[in-house]
Amino acid sequence: MKSDSAHSLQDLRERSPLLKPLNDQQLSAVLHGDGPAMVLAGAGSGKTRVLTTRVAYLMTEKNVSPNSILLVTFTNKAAAEMTNRVQQMTGKRPQFSGTFHRLCARILRQDGILIGIPPTFSIYDDDDQLDLVKSILKKLNLSVKEFNPRLMLSMISNAKNELLSPKDYQIFAKGKIQEAANRVYQLYEKELDKNGAVDFDNLLNKTVELFRKHSNILQKYQHMFEYVLVDEYQDVNKAQYLLTKMLAAPQNNLFAVGDFSQSIYAWRGADYRNMLALKTDFPGIQEYRLEQNYRSTQTILNAASAVISHNTSHPILELWTEKTDKRRITLYEAETEKDEAEFVTHHIQQFKKTLPYSEMVVLYRTNAQSRVFEELFLKYGVPYKLVGGVRFYARKEVKDVLSLLRLFVNEHDSVALSRIEKLGKKRLQVYLSWLASTKKFPEKTLDILDAVLEASQYLTLYDERLEEDAERLENIQELRSVASEFSDVPSLLENVALVENNTLPDSSSSNQQQDAVSLMSIHAAKGLEFSAVFLVGMEEGLFPHSRSLMDKHQLEEERRLCYVAITRAKEHLYISYTRRRLLYGAVTGSIVSRFIAEIPDHTLERKGGEHPVGLLSGSQHLTHPQHISRRFSQLSDETLERVLKGEIDVESFLDM
DNA sequence: CCATGCAACATTTTT
DNA sequence: TGTTGCATGG
Ligand SMILES: Nc1ncnc2c1ncn2[C@@H]1O[C@H](COP(=O)(O)OP(=O)(O)OP(=O)(O)O)[C@@H](O)[C@H]1O
C-alpha cells in the first residue's frame, strides 16, 4: 500500500471522490494499511482532515464495520465535528467517537462493578473534589490555612496523573506538605469508594486498573475496537497513553495524529513525549508527515514559526503555504483594556463589511479577560458567543439541583449530601425521607426533576422578585429544559459532568444569534480556525502567565500556546497589549509580552502608542508599589515552596 | 438554627 | 472583581 507511486495515487484520487481533496502526503497517510501509524504535522496541515477521511475510507473502501472503529478526541466539540464530517462522507458513524473521559465513563458503567464501582457511580468535578478534600482536612484536623485545599488537590491530581496509587505515593511523600497531601490522598480515595464516586482522573485510571485486573474485559473491548484513531496525541497523559496502547492491541491498528508544538495541557498531566514513546513501543510504526499548510498566509506562518523556534525541548515541524498574501500582522498598543476592546470592536465592525461575524474571534489567555469585550460588544450591538468561562453547571443553584438528583441516583454520595445539608438540616431530612418512603417515582427525567424540586422545596429558597434570585430561577428553568432531553437521570448527570464548559445559554439577545463573534480562551480555540483573529492582552504576567515565568518548561508551554493562537488565523491577525490594565480592581502598569519581541519585525505593522515595542513601554506609568510588591512576594514564596517540595529542581530554580 | 453582612481572598488554562 | 468563608446578631 505504502509503495504506491505518485502515479497510482493520482489514479486513486480520480476514482474516489473521498480521496480527491487530499495532497500526496495526506493521501498516503489515509491509505495506510494495518499496523501502527502516526502523523506528525504542524498546524493547519490537514491532520483532522486526514483523520476523518481515513475513518470514512476504512468504512467505505475497506469494508470495516463502523462498529469496530474507536475515534478519540479531546473535546466534545471536536468529536461532534468529526462525527459530522464522517457522516457527511459516508452516512455512517463510528461505534464510538468522543473524549477519553466519556469512553471511560461508558466502560466503567458497563463493567466497573468488577473493581467495585457501581453502575450508578457519581462523577465528581473539581468543585466536588475540592469539597471532598476540605471535608477530609477537617476530619484530619489539618488547618486549611496551613494546607491549602487547592494545593492538596493539585498534588493528589498530579500523583494520579503519574498513575501513583495512594500506596505508591506514600513512599515518595517527603516533607510537611507532601506528608499532609499523602494523608489526605489515602482518605480521599477511600471516600470516593464509599461514595460510589469517580473523579475525572479516576475515570481514566480506574479503567486502566479494570483492564489490568480483568483481561477478559480488556479483550472484549479490544475485540470490539479493531481500529483505534486518536487526534491531538501530543496531549495524552500516561493513563490515556496506556489506554490507547491496550485497546489497540493485539493488532495494533493505532493511528495517532499530533503536533509537539501544540501541546498545551502539560499542567494536567499531558506529555508530548508520549508521541515519541510510540516509536519505542511500536518499533514498526509508520510515520507520516504533512508539510503544506492550507490555513494561513505566509506572513502568519512566518510569525508563528519564529515564535515557536525559541523552544528548545521539542521537535518543531516545518510548514509552507501557497497563500502568499502580503498583508502584515497588526500590532496595537492600547492605553487600557477598554481602549483595547474599543480597537477590536472597531475593526470587527469594519470586517463585518466583508466577513460574517462567525469568522472572527477574540482570543485571550484567561477567561476573566472576556468581560470588557462583552461590555463593549453589548454597547455597540456586536453579537457574540462566549465559549467557556463561568460554567453553567458550576453555578450554585445548578449544582444544588444536580446534587439533589445525584442523591436520587446514588444515596452514598456524601459530597452531594453535605451540599444539601448546607441548605438546611431540616430540608435535607425531609428530602431524604421522601426518597426513602416514595415507592414509585415518575418515569420521565423532567418529571423526576420536578418531583425532586417539589420534595426538597428547593425553589422556596428564592424570591422571583429579586433580580439575583430571578436569574437563578431562570437557570433552573434552563436546567429543566436540558433535563427534558435525556431519557434517564444517570445519563443526564453524566452528560452534565462530561460536557465541556457550556456557557449559560442566557437570555441576553446577543447570545441567541447564530452569526456571532466568538470570545474564547486560546485553549478553547485549539483545532479551530477563523479569518480574523484578535489576540489580546499580550503582556508579561498575563501571557506568558505569571505562574509560568519561573519554570523553563512552563514557559515553553506558554510559547506553544502562543503558537496555537497565531495559527488559528487564516488571513487577518491583530495582536494587542495595553500600557496599563485594571487587575482585581487596581490599575497596574503592563509590560509587553516577550513573545511579541520574538515575532519578526517585518511581519508587523504597528498602531497606537509611540513607544518602541520590546521595551518596558508604559511600565513607568502608574505603578502601584503595594500591588506589585505583593504580587512579587507571592511569586517568590510560592516558588520557594515548590522548590522545597521538590516540584521544581534546583537547577531550573537557579536558571530563573 | 438560620440569615445577613463584611472582610479576606484569590485567579491560568479544562476533561 | 466576584466569591467564599467567617463572624455577628436575630
Ligand atoms: N488538501 C487540502 N486542500 C485544501 N484544503 C485543505 C486540504 N487539507 C486541509 N485543508 C484545509 O486546511 C484547513 C486546516 O485543516 P485541518 O483543520 O484538518 O488541519 P489540522 O492539521 O488539524 O490543524 P490544527 O493542527 O490546527 O488542528 C482546513 O480548513 C481544511 O479544510
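Numbered from 1 within each chain, the chains take letters A, B, ... in sequence-line order. Source: prediction; values computed, not measured.
- Rounded to whole angstrom, the span from the CG atom of A:Asp128 across to the P atom of B:dT15 amounts to 16 Å.
- The nucleotide whose nearest atom lies closest to any side-chain atom of A:Lys425 is, among B:dT11, B:dT14, B:dC1, B:dC1.
- Separating the CG atom of A:Leu542 from the P atom of B:dT13 is a distance of 10 Å, rounded to the nearest angstrom.
- Residue A:Asn367 places at least one side-chain N or O under 4.0 Å from the OP1 or OP2 atom of B:dT13.
- Nucleotides B:dT13 and C:dT4 are separated by 22 Å at their C1' atoms, to the nearest Å.
- Residue A:Phe100 is classed as having no contact, given no heavy-atom separation below 4.0 Å to the nucleic acid.
- Judged by ring centres under 5.5 Å apart and planes tilted less than 30 degrees, A:Tyr265 fails to stack against the six-membered base ring of B:dT13.
- Atom CG of A:Leu535 and atom P of B:dT13 are 15 Å apart (whole Å).
- Between A:Leu204 atom CG and B:dT15 atom C1' there is a gap of 8 Å when expressed in whole angstrom units.
- Note: CG (A:Leu153) to P (B:dT14) measures 17 Å, nearest angstrom.
- With hydrogens and angles disregarded, no donor-acceptor distance shorter than 3.5 Å links the side chain of A:Thr120 to the backbone of A:Asn410.
- Within the structure, a side-chain polar atom (N or O) of A:Ser521 is placed less than 4.0 Å from OP1 or OP2 of B:dT14.
- At least one side-chain nitrogen or oxygen of A:Lys134 sits closer than 4.0 Å to the OP1 or OP2 atom of C:dG5.
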inquiry  = Only Watson-Crick and G-U wobble pairs with both distances less than 3.5 Å should count. Give DNA chain B in dot-bracket notation, marking inter-strand partners with |.
reply    = |||||||||......
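- Heavy-atom nearest nucleotides on DNA chain B were determined for A:Glu421 and for A:Glu558, and the one closer to the 5' end corresponds to A:Glu421.
- Atom CD1 of A:Ile117 and atom CD of A:Gln110 lie 13.5 Å apart (nearest 0.5 Å).
- Mapping A:Lys422 and A:Arg371 onto DNA chain C by nearest heavy atom places A:Arg371 at the nucleotide closer to the 5' end.
- Considering only the side chain of A:Tyr584, B:dT11 comes nearest among B:dT15, B:dT13, B:dT11.
- What separates CD of A:Gln262 from C1' of B:dT13 is a distance of 16 Å, to the nearest Å.
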With the criterion being N/O to N/O and under 3.5 Å, what pairs connect the protein with nucleotides 6-9 of chain B, and how long is each?
none

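- Surrounding NZ of A:Lys425 are at most 12 heavy atoms belonging to other residues, nucleotides or ligands under 6.0 Å away.
- Surrounding CZ of A:Arg427 are more than 12 heavy atoms belonging to other residues, nucleotides or ligands, all under 6.0 Å away.
- Counted by atom type alone, A:Asp199 and A:Tyr188 present one or more donor-acceptor pairs between their side chains at under 3.5 Å.
- Residue A:Arg547 places none of its side-chain N or O atoms closer than 4.0 Å to OP1 or OP2 of B:dT13.
- The separation between A:Glu557 atom CD and B:dT14 atom P is 12 Å, rounded to whole Å.
- Between A:Glu374 and A:Arg371 there is no salt bridge, since no side-chain N of the basic residue sits under 4.0 Å from a carboxylate O of the acidic one.
- Projected onto DNA chain B by closest heavy-atom contact, A:His101 and A:Ser548 fall at different nucleotides, the more 5' of which corresponds to A:Ser548.
- Side-chain N/O atoms of A:Asp231 and A:Thr73 include no donor and acceptor closer than 3.5 Å.
- Classified by interplanar angle (parallel below 30°, tilted 30° to 60°, perpendicular above 60°), the ring pair A:Phe377/A:Tyr384 is tilted.
- In this pair, A:Phe200 lays its aromatic ring flat on the base of B:dT15, centres within 5.5 Å and planes under 30 degrees apart.
- No contact: A:Arg102 has no heavy atom under 4.0 Å from any strand.
- Contacts of A:Tyr458 classified as ring-ring contact (aromatic ring centres under 6.0 Å, His included), with partners at least two apart in sequence or in another chain: A:Tyr462.
- A donor-acceptor contact closer than 3.5 angstrom is absent between the side chains of A:Gln240 and A:Asp235.
- Side chain to side chain, A:Glu232 and A:Gln234 meet the donor-acceptor criterion of an N or O pair below 3.5 Å.
- Side-chain N/O atoms of A:Arg427 include none lying less than 4.0 angstrom from OP1 or OP2 on B:dC2.
- As rounded to whole Å, 10 Å separates atom P of C:dG5 from atom CZ of A:Arg419.
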